[in-house]
Amino acid sequence: MWAPTIALVGGGTGLVGDPSGKTEMRKLLTVEDVAANVVGLKNQLARFIDFSNDRAIMVNNADWLTQLAYIPFLRDIGRHFSVNRMIKAESYKMRLDSEDGLSFIEFNYMVLQAYDFLELQKRYNCCLQMGGSDQWGNIVAGIDLIRRVDGQSAFGITFPLITTASGAKMGKTAAGAVWLDPERTSTYDYYQFWVNTDDRDVGRFLALFTFLPMDEIEGVERLEGADLNAAKSILAYEATRLAHGAEGALAAYQSAMAMFGNRSIPTRLLPSSSIPRDVADVADETVPQMEMDIDIFKAGIPCFKLFHQVGLTESSGAARRLLQQGGGYINGCRPEAFDQLITTNDIKDMELVLRAGKKHFFKIRIKN
RNA sequence: GGUGGGGUUCCCGAGUGGCCAAAGGGAACAGACUGUAAAUCUGUCGGCGAUGCUUCGGAGGUUCAAAUCCUCCCCCCACCA
């Protein structure tokens with residue numbers, strides 16, 4: 001019989017910090033920060049794992065780790081660990097060789113994670129741990145510990161960390177990291193992140209990040225060049241649907257069409273996707289936007305200031321450079337000068353669409 | 001605790017009294033080319049309505065002039081204990 005899936009949140013180990021694969025010690029998080037992260041993680045996970053009817057459960061290792069007493073822990077658990085073997089682990093190697101070294105607190109991480117496995121085995125009869133490939137050493141340490149303490153067998157599976165075709169780790173984008181939380185990465189940006197996928201990654205990402213049938217995805221592998229763009233739309237739509245819900249995905253899709261122009265999606269391409277094939281009414285409500293009072297434009301405002309104010313650039317100096325280099329557009333036109341005054345004459349249909357570069361849009365809605 | 005070496009702009013890393021907002025590389029952004037792709041080439045890359053202002057771990061000091069010299073403090077690394 002299957003035990004429920006257990007999602008383990010690291011409220012306890014998060015207080016310590018995992019040195020695996022890191023070249024330097026990460027800043028220690030405060031207890032409050034870790035607690036806040038745990039809450040955030042729970043919300044994220046709930047989108048991907050079904051916790052209803054205890055089909056899956058979520059546990060926080062802070063529940064047992066923070067209760068541990070040092071001496072008993074050393075005597076019961078610590079004695080099973082060989083330092084000689086630990087320092088040979090790949091996850092510590094990098095740090096052992098580095099200038100920064102490895103602090104004792106981080107050295108303990110493996111012990112704690114191994115203990116987690118033991119604890120889960122005892123509490124829930126858990127015998128299989130899954131994780132990213134950087135967790136290999138930690139998982140194996142847990143398997144070992146369970147065998148030594150209980151004589152039981154336990155197992156582990158790891159999967160490779162995903163990189164893009166250009167070699168970068170997943171999760172970085174123009175504006176910085178991509179977050180699952182809509183508060184940190186808007187639905188629009190999240191969708192755009194996926195649309196901008198490298199050609200070479202489209203098929204692989206469809207397989208990894210959507211639940212579309214593999215035989216349909218195989219069809220995508222044969223596409224080339226611009227034909228892939230429709231597949232990218234579907235990838236973005238499906239990935240956004242999973243992380244932000246169907247409504248958000250649809251809105252982001254429509255926003256993209258409003259800003260970048262319609263893109264027809266062939267009916268035969270990935271037919272299992274629920275992305276709308278017939279383009280009907282196009283809304284753009286997820287495009288970053290704000291309201292501004294019309295008085296501002298009656299007086300006129302230099303356009304570089306406008307770019308800075310809406311957050312399209314980080315400073316007004318950057319806005320000035322952007323405009324001077326021809327990277328800024330207002331309603332699709334390049335201003336004559338970086339400090340050209342934007343007035344009511346520039347407003348069309350009570351809106352103003354600013355654009356930085358090819359793909360960063362911002363819409364200003366004018367309010368009387 | 002002792003000895004020695006370090007902390008430079010997002011990251012790596014030059015710079016040991018003026019020519020330094022600070023080489024070079026990476027990342028990033030923009031332009032050209034394109035397909036909201038990649039590669040390539042070019043430009044930009046601390047802030048400010050700007051021939052001036054604030055930066056080089058922190059606080060003082062010397063000097064006409066300090067990232068560079070001096071003093072104290074904080075942090076990191078190596079070896080020793």
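Convention: sequence-line order gives letters A, B, ...; per-chain numbering from 1. Everything numeric here is computed off the predicted structure, so don't read it as measured data.
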Participant: Identify, between A:F304 and A:R355, the residue whose nearest nucleotide on RNA chain B lies closer to the 5' end.
Facilitator: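 In this pair, the answer is A:R355.
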Participant: Specify the residue among A:G326 and A:K305 whose closest nucleotide of RNA chain B lies further upstream toward the 5′ end.
Facilitator: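 Nearest-nucleotide comparison on RNA chain B picks A:G326.
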Participant: Taking atom P of B:C29 as reference, at what distance in whole Å does atom NE2 of A:H308 sit?
Facilitator: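 Whole-Å distance recorded here is 19 Å.
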Participant: Given that both distances must come in under 3.5 Å, which nucleotide forms a Watson-Crick or G-U wobble pair with B:A59?
Facilitator: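 The base-pairing partner of B:A59, which may sit in any strand shown, is B:U71.
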Participant: Which residues within residues 312-325 of chain A lie with some heavy atom under 4.0 Å of an atom in RNA chain B?
Facilitator: A:S315, A:S316, A:G317, A:R320, A:R321, A:L322, A:Q325
Participant: Output every pair passing ring pair (Phe, Tyr, Trp, His ring centres under 6.0 Å) with a member in residues 285-335 of chain A, not counting sequence neighbours, ordered by first then second residue.
Facilitator: A:F304-A:F338
Participant: What donor-acceptor contacts under 3.5 angstrom involve side-chain atoms of residues 310-324 of chain A, with partners at least two apart or in another chain?
Facilitator:
from   : atom 1 : to     : atom 2 : distance (Å)
A:T313 : OG1    : A:S315 : O      : 3.1
A:S315 : OG     : A:G317 : N      : 3.4
A:S315 : OG     : A:A318 : N      : 3.0

Participant: Apply salt bridge (Lys or Arg N to Asp or Glu O under 4.0 Å) to residues A:D339 and A:K305 and explain how you reach the verdict.
Facilitator: CA-CA 8 Å; A:D339 56 355; A:K305 282 211 158 176; over 6 Å; no
Participant: Distance from A:F193 atom CZ to A:Y190 atom OH, nearest 0.5 Å?
Facilitator: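 If I round to the nearest 0.5 Å, the distance is 7.5 Å.
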Participant: Which parts of nucleotides 34-40 of chain B does protein reach within less than 4.0 Å, heavy atoms only, written one letter per nucleotide 5' to 3' as B for base, S for sugar-phosphate only and - for none?
Facilitator: BBBBS--
Participant: What residues form a ring pair (Phe, Tyr, Trp, His ring centres under 6.0 Å) with A:F260, not counting sequence neighbours?
Facilitator: A:F361
Participant: Given that both distances must come in under 3.5 Å, which nucleotide forms a Watson-Crick or G-U wobble pair with B:A23?
Facilitator: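 Answer to the pairing question: none, since B:A23 forms no Watson-Crick or G-U pair.
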Participant: If we take the P atom in both B:C70 and B:C76, what is their distance in whole Å?
Facilitator: 23 Å
Participant: Could you tabulate the donor-acceptor pairs under 3.5 Å formed by side-chain atoms of residues 69-82 of chain A, not counting sequence neighbours?
Facilitator:
from  : atom 1 : to    : atom 2 : distance (Å)
A:R79 : NE     : A:R75 : O      : 2.6
A:H80 : NE2    : A:D76 : O      : 3.3
A:S82 : OG     : A:N84 : N      : 3.3
A:S82 : OG     : A:R85 : N      : 3.0

Participant: Under the salt bridge (charged side-chain N to carboxylate O under 4.0 Å, His left out) definition, can you give me all pairs with a residue in residues 185-194 of chain A, not counting sequence neighbours?
Facilitator: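 Residue pairs passing salt bridge (charged side-chain N to carboxylate O under 4.0 Å, His left out), neighbours aside: none found.
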Participant: In whole angstrom, give me the gap between the P atoms of B:C10 and B:C80.
Facilitator: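 Between the two P atoms, the distance is 37 Å.
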Participant: In whole Å, what separates the C1' atom of B:A22 from that of B:G18?
Facilitator: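 Their C1' atoms lie roughly 14 Å apart.
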Participant: Mind checking who B:U16 pairs with, Watson-Crick or G-U wobble, both distances under 3.5 Å?
Facilitator: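 The answer is none; no pair meets the criterion.
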Participant: Paired with B:G1: which nucleotide, if any, by Watson-Crick or G-U wobble criteria at under 3.5 Å for both distances?
Facilitator: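 Looking at the geometry, B:G1 pairs with B:C80.
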Participant: Partner lookup for B:C33, please. Criteria are Watson-Crick or G-U wobble with both distances under 3.5 angstrom; report none if nothing qualifies.
Facilitator: none
Participant: What is the nucleic acid contact for A:D339, judged by heavy atoms within less than 4.0 Å: base, sugar-phosphate only, or nothing?
Facilitator: base
Participant: Could you work out, with side chain to side chain donor-acceptor pair (under 3.5 Å) as the rule, every residue matching A:S274, not counting sequence neighbours?
Facilitator: A:Y237
Participant: Backbone N or O of A:A249 within a donor-acceptor pair of the A:R241 side chain at under 3.5 Å?
Facilitator: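 Not a single qualifying donor-acceptor pair exists.
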Participant: Rounding to an integer number of angstrom, what distance separates B:U8 and B:C69 when you compare their P atoms?
Facilitator: 16 Å
Participant: So, is B:U51 syn or anti if syn means the angle is within 90° of 0?
Facilitator: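 The base of B:U51 is oriented syn (glycosidic angle within 90° of 0).
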Participant: Going by the rule salt bridge (Lys or Arg N to Asp or Glu O under 4.0 Å), which residues pair with A:E218 if we only count those two or more places apart in sequence or in a different chain?
Facilitator: none
Participant: Quote, to the nearest angstrom, the P distance that separates B:G43 from B:U51.
Facilitator: 24 Å
Participant: Is a donor on one side and an acceptor on the other found under 3.5 Å between the side chain of A:R148 and the backbone of A:D150?
Facilitator: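 No.
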Participant: Taking the P atom of each, how far is B:U40 from B:G60, in whole Å?
Facilitator: 48 Å
Participant: Taking side-chain contact (heavy atoms from CB on, under 4.5 Å) as the test, write out the residues that go with A:V38, two or more places apart.
Facilitator: A:V9, A:V34, A:K42, A:N60
Participant: Can you tell me the pairing partner of B:U51 across any strand shown, Watson-Crick or G-U wobble, with both distances under 3.5 angstrom?
Facilitator: none
Participant: Could you list all the ring pair (Phe, Tyr, Trp, His ring centres under 6.0 Å) pairs where at least one residue sits in residues 37-56 of chain A, not counting sequence neighbours?
Facilitator: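 For residues 37-56 of chain A, and leaving out neighbouring residues, there are no ring pair (Phe, Tyr, Trp, His ring centres under 6.0 Å) pairs at all.
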Participant: In whole angstrom, give me the gap between the P atoms of B:A27 and B:C11.
Facilitator: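 It comes out at 16 Å once rounded to the nearest Å.
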Participant: Name every residue in residues 327-335 of chain A that has at least one heavy atom under 4.0 Å from any atom of RNA chain B, in order of residue number, or write none if there are no such residues.
Facilitator: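 Heavy-atom cutoff 4.0 Å gives A:G327, A:Y329, A:R334.
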Participant: Distance check, P atoms only: B:C74 and B:U62, in whole angstrom units.
Facilitator: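 The answer is 24 Å between these two P atoms.
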Participant: Rounding to an integer number of Å, can you tell me how far A:F338 CZ sits from B:G43 P?
Facilitator: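 Going from CZ in A:F338 over to P in B:G43 covers 21 Å.
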